[in-house]
Amino acid sequence: DAKTTQPTSMDCAEGRAANLPCNHSTISGNEYVYWYRQIHSQGPQYIIHGLKNNETNEMASLIITEDRKSSTLILPHATLRDTAVYYCIGSAYSGAGSYQLTFGKGTKLSVIP
Amino acid sequence: EAGVVQSPRYKIIEKKQPVAFWCNPISGHNTLYWYLQNLGQGPELLIRYENEEAVDDSQLPKDRFSAERLKGVDSTLKIQPAELGDSAVYLCASSVGGPRADTQYFGPGTRLTVL
């Protein structure tokens, strides 16, 4: 799996867009970029994933650069409930029918009132 | 749709005692994972099951940890005997499985405290 690099922490004002960057310069062609978040005392929650194209769902948008060496997760209108640790993960097929997730330390996002 | 269920949510035991954690994955999910999460760190994979077969247990400390997934549905993770350093959150996740992008869904975890 590609090693990912994320800032340790970020702040965002409530109601503003939160843009969380991730560097994954060693990502291989078949590795997906996954984003999860973990709110205090809960299990990780899936947000979004992508391979090459930008993706959007009801939670967030994922912007992947053309060279795939970095990506940005965008929460369009951050709320206090978005305060969490956000993990960016490069996930490759590990054989025997499964993709492996290797978590780093993530980015601690604090949404400020 | 019910999510991944884990029990208990919290467990406090004394060192050298045994402990077991239970996980019920999302219905229809063939792949089940157990992760360990230490304070301030991301989850680390302990073992992965495809149906009832453990296909990746390379990170499971086999001297004291064991796991089973009878009938390919529920799973149990056991520690015997527990040590102080085993205090952590134990997470279970499940996914459909298959050779394409396969999203894992996590349970709430069991927080273990070893005294």
Side-chain angles (χ1 to χ4, degrees), chain A residues 1-6 8-9 22 27-53 55 57-60 62 64 68 71 84-108, chain B residues 1 3-7 9-10 21 23-26 29-59 72 88-111 113:
Chain A
D1 292 350
K3 177 178 169 56
T4 60
T5 305
Q6 299 179 254
T8 302
S9 63
C22 178
I27 198 169
S28 62
N30 64 346
E31 280 191 80
Y32 286 80
V33 178
Y34 272 82
W35 283 84
Y36 281 76
R37 73 180 182 184
Q38 189 169 25
I39 296 169
H40 184 61
S41 296
Q42 297 183 21
Q45 177 190 22
Y46 166 76
I47 301 173
I48 199 167
H49 73 280
L51 185 61
K52 299 180 189 176
N53 300 322
E55 302 287 343
N57 63 20
E58 64 278 4
M59 289 183 68
L62 174 61
I64 302 174
R68 302 212 326 123
S71 61
V85 176
Y86 287 76
Y87 295 100
C88 169
I89 304 161
S91 177
Y93 184 60
S94 60
S98 181
Y99 275 73
Q100 187 110 341
L101 297 180
T102 303
F103 288 80
K105 293 188 177 182
T107 295
K108 174 75 169 87
Chain B
E1 177 182 284
V4 176
V5 179
Q6 290 188 249
S7 69
R9 288 296 315 276
Y10 303 91
F21 314 123
C23 173
N24 182 240
I26 293 172
H29 281 195
N30 297 320
T31 307
L32 183 145
Y33 312 77
W34 283 103
Y35 287 85
L36 162 71
Q37 185 171 27
N38 288 306
L39 189 64
Q41 306 292 319
E44 301 170 36
L45 181 69
L46 288 172
I47 189 169
R48 171 166 63 91
Y49 281 92
E50 295 294 333
N51 299 301
E52 64 274 11
E53 181 182 359
V55 296
D56 184 359
D57 62 357
S58 58
Q59 302 304 311
V89 175
Y90 291 82
L91 293 159
C92 179
S94 71
S95 67
V96 171
R100 57 182 180 82
D102 187 31
T103 300
Q104 295 182 29
Y105 296 91
F106 286 78
T110 297
R111 181 176 297 277
T113 301

TODO: Please state whether the side chain, the backbone, both or neither of A:Gln45 comes within less than 4.5 Å of a heavy atom of chain B.
DONE: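 Neither part.
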
- [ ] Please look at B:Gln6 and chain A and tell me whether the side chain, the backbone, both or neither of the residue comes under 4.5 angstrom of a heavy atom of that chain.
- [x]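 Contact with chain A: none, neither part.
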
Open item on the list: Report which part of B:Asn30 has an atom under 4.5 Å of a heavy atom belonging to chain A: side chain, backbone, both, or neither.
Closed with: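 Neither part.
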
Describe, in one word, how the ring planes of [X] and [Y] are oriented to each other, choosing from parallel (under 30°), tilted (30 to 60°) and perpendicular (over 60°).
{"X": "A:His49", "Y": "A:Tyr34", "answer": "parallel"}
{"X": "B:Trp34", "Y": "B:Phe21", "answer": "tilted"}
{"X": "B:Phe106", "Y": "B:Tyr35", "answer": "tilted"}

Open item on the list: Can a side-chain donor-acceptor contact be found between A:Tyr86 and A:Arg37 if the only test is distance below 3.5 angstrom?
Closed with: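 Distance-only check passes for A:Arg37 and A:Tyr86.
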
- [ ] Using a cut-off of under 4.5 Å on heavy-atom pairs, state which of A:Gly43, A:Gly106, A:Ser41, A:Pro44 scores highest against chain B.
- [x]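 Greatest number of close heavy-atom pairs with chain B: A:Pro44.
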
Task: Interface residue of largest heavy-atom contact number with chain A, from B:Gly109, B:Gly40, B:Pro43, B:Gly42, under 4.5 Å - done: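 Most heavy-atom pairs under 4.5 Å with chain A: B:Pro43.
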
Open item on the list: Using 0.5 Å steps for rounding, measure from the CG atom of B:Leu36 to the CD1 atom of B:Ile47.
Closed with: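 Separation between the atoms: 13.5 Å.
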
